[in-house]
Amino acid sequence: MTVRIGVIGCGGMGRAHVERIINDLSGGQIVAAADVNLEAAQQVADAVGGTAYASGQELIADPNVDAVLIATFGRVHAPDVINAIEAGKYVLCEKPLATTTEDCLAIMDAEQKAGKRLTTVGFMRRFDPAYNSIKAIADAGENGPILMVHNRHRNPSVPENYSSRMLIDDTAIHEIDTMRWMTGEEIVEVRVDPVRQTTKAREDLHEPIVLVMYTDSGIRLDDEVNVSLQWGYSIECEVVLETAAVRLGDQEGIHIRDMAGNRNPICRSHIDRFQTAFNAEVQAWINAVARDEHTGSTAWDGYAATAVVNAALESQEKGGEVVRVSMIDKPDFYA
Ligand code: ISE
């Protein structure tokens with residue numbers, strides 16, 4: 001069965017997904033595109049011979065659309081996700097699932113009413129081969145439990161509209177999810193340490209920052225978020241077990257020795273660095289939808305990440321105070 005996909009949000013991320021579905025993946029066909037900017041939707045629709053819509057609601061109602069991929073801004077995700085659930089259509093929603101826990105709870109309510117898990121959140125690092133290798137070593141248990149994890153999330157630069165809160169709800173949210181997934185535990189406490197400010201960021205962007213988080217069993221997680229580096233896109237993760245320390249390797253394919261030194265080329269963006277993970281994530285979703293099954297992270301994962309983000313934002317506002325994460329008990333539906 002070919003899964004007929006409608007894409008909501010035709011900016012950079014939406015178009016990147018459209019291109020991968022057309023060029024790199026199998027089993028999926030883009031049949032509709034929606035964007036508040038109808039011209040942007042029309043361009044995508046023309047390229048695939050599909051239908052353009054000015055709203056997600058109209059696209060979801062299209063009987064030719066089997067499943068929906070949402071790549072709009074986080075703050076407008078919830079109504080489209082809920083509409084898709086009510087229409088009984090699987091959704092792959094880019095992160096964050098929603099920017100408030102209230103919206104995430106409404107999504108979980110809609111899913112429980114539908115009696116079916118239909119929502120996958122675009123936490124694509126769960127599909128990155130190197131993160132998976134680390135998790136497999138940790139899960140095997142031969143080196144004892146995880147004691148702590150050190151993360152570094154470094155970007156060369158960020159767009160003009162990127163604000164200080166996005167250090168947490170747009171950037172650190174990746175480590176928040178990856179750490180929950182890696183440890184299999186909820187994060188219960190967060191503190192955001194301010195750091196001497198880089199002169200390379202805009203004056204109103206207060207970075208770098210370091211998040212320090214604890215899980216329910218006491219695993220310590222830290223995450224440097226540093227997004228005006230200039231020199232490259234660099235993601236590091238080291239998991240410290242009792243008798244081993246396992247970290248992401250050099251992620252670039254080749255090694256060069258020349259007059260400039262002994263080095264690997266460096267990625268420039270998340271699209272380069274996580275190309276394999278993005279492809280694996282969307283392919284797994286298409287395959288699962290074709291089998292009428294859910295795959296990847298759930299609406300609960302989206303909710304939990306947003307709850308941790310909220311606690312971190314509160315700590316950021318309060319100059320680094322420790323903040324407890326406030327969450328409902330996990331419904332059995334997501335067990
Ligand atoms: C962006 O939205 C991403 O998802 C990237 O992975 C991250 O590195 C970047 O900081 C975010 O702005």
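First listed ligand is number 1; within each ligand, the first listed atom is number 1. Counting begins at 1 with the first residue of the sequence.
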When you measure from the side chain of [X] to the backbone N and O of [Y], does any donor-acceptor pair fall under 3.5 Å?
| X | Y | result |
| --- | --- | --- |
| Gln230 | Ser228 | yes |
| Tyr303 | Ala307 | no |
| Asn151 | Glu224 | no |
| Arg117 | Phe333 | yes |

Are [X] and ligand 1 in contact, using a heavy-atom cut-off of under 4.0 Å?
| X | answer |
| --- | --- |
| Phe274 | no |
| Lys95 | yes |
| His153 | yes |
| Val227 | no |

Under a 4.0 angstrom heavy-atom cut-off, which atoms of ligand 1 come close to [X]?
| X | result |
| --- | --- |
| Tyr233 | 5 (C), 6 (O), 7 (C), 8 (O) |
| Tyr162 | 12 (O) |
| Asn155 | 7 (C), 8 (O), 9 (C), 10 (O) |
| His174 | 3 (C), 4 (O), 5 (C), 6 (O) |

field: Heteroatom distance test (Thr171, ligand 1): nitrogen or oxygen, under 3.5 angstrom
entry: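 Yes, since at least one N or O of Thr171 sits under 3.5 Å from an N or O of ligand 1.
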message: If you measure every N or O of His270 against every N or O of ligand 1, does any of those distances drop under 3.5 Å?
response: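 Among all N and O atoms of His270, none is under 3.5 Å from an N or O of ligand 1.
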query: Would you find more than 12 non-hydrogen atoms of other residues, nucleotides or ligands less than 6.0 Å from Gln57 atom CD?
result: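 No - once you tally the heavy atoms of other residues, nucleotides and ligands closer than 6.0 Å, there are 12 at most.
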message: Counting non-hydrogen protein atoms only, what is the nearest one to atom 2 (O) of ligand 1? Give residue, atom name and distance.
response: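 For atom 2 (O) of ligand 1, the nearest protein heavy atom comes out as Asp170 OD2, 2.9 Å.
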Selection residues 305-315 - residue pairs positive for side chain to side chain donor-acceptor pair (under 3.5 Å), sequence neighbours left out: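 For residues 305-315: Glu314-Lys318.
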task: May I ask you to say whether Arg180 pairs ionically with Asp301, meaning some side-chain N is under 4.0 Å from a carboxylate O?
output: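 Here Arg180 pairs with Asp301 in a salt bridge, since their nearest N and O are under 4.0 Å apart.
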message: Strictly below 4.0 Å, N to O, side chains only: are Arg154 and Glu236 in salt-bridge contact?
response: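 Between Glu236 and Arg154 there is a salt bridge, with a charged N closer than 4.0 Å to a carboxylate O.
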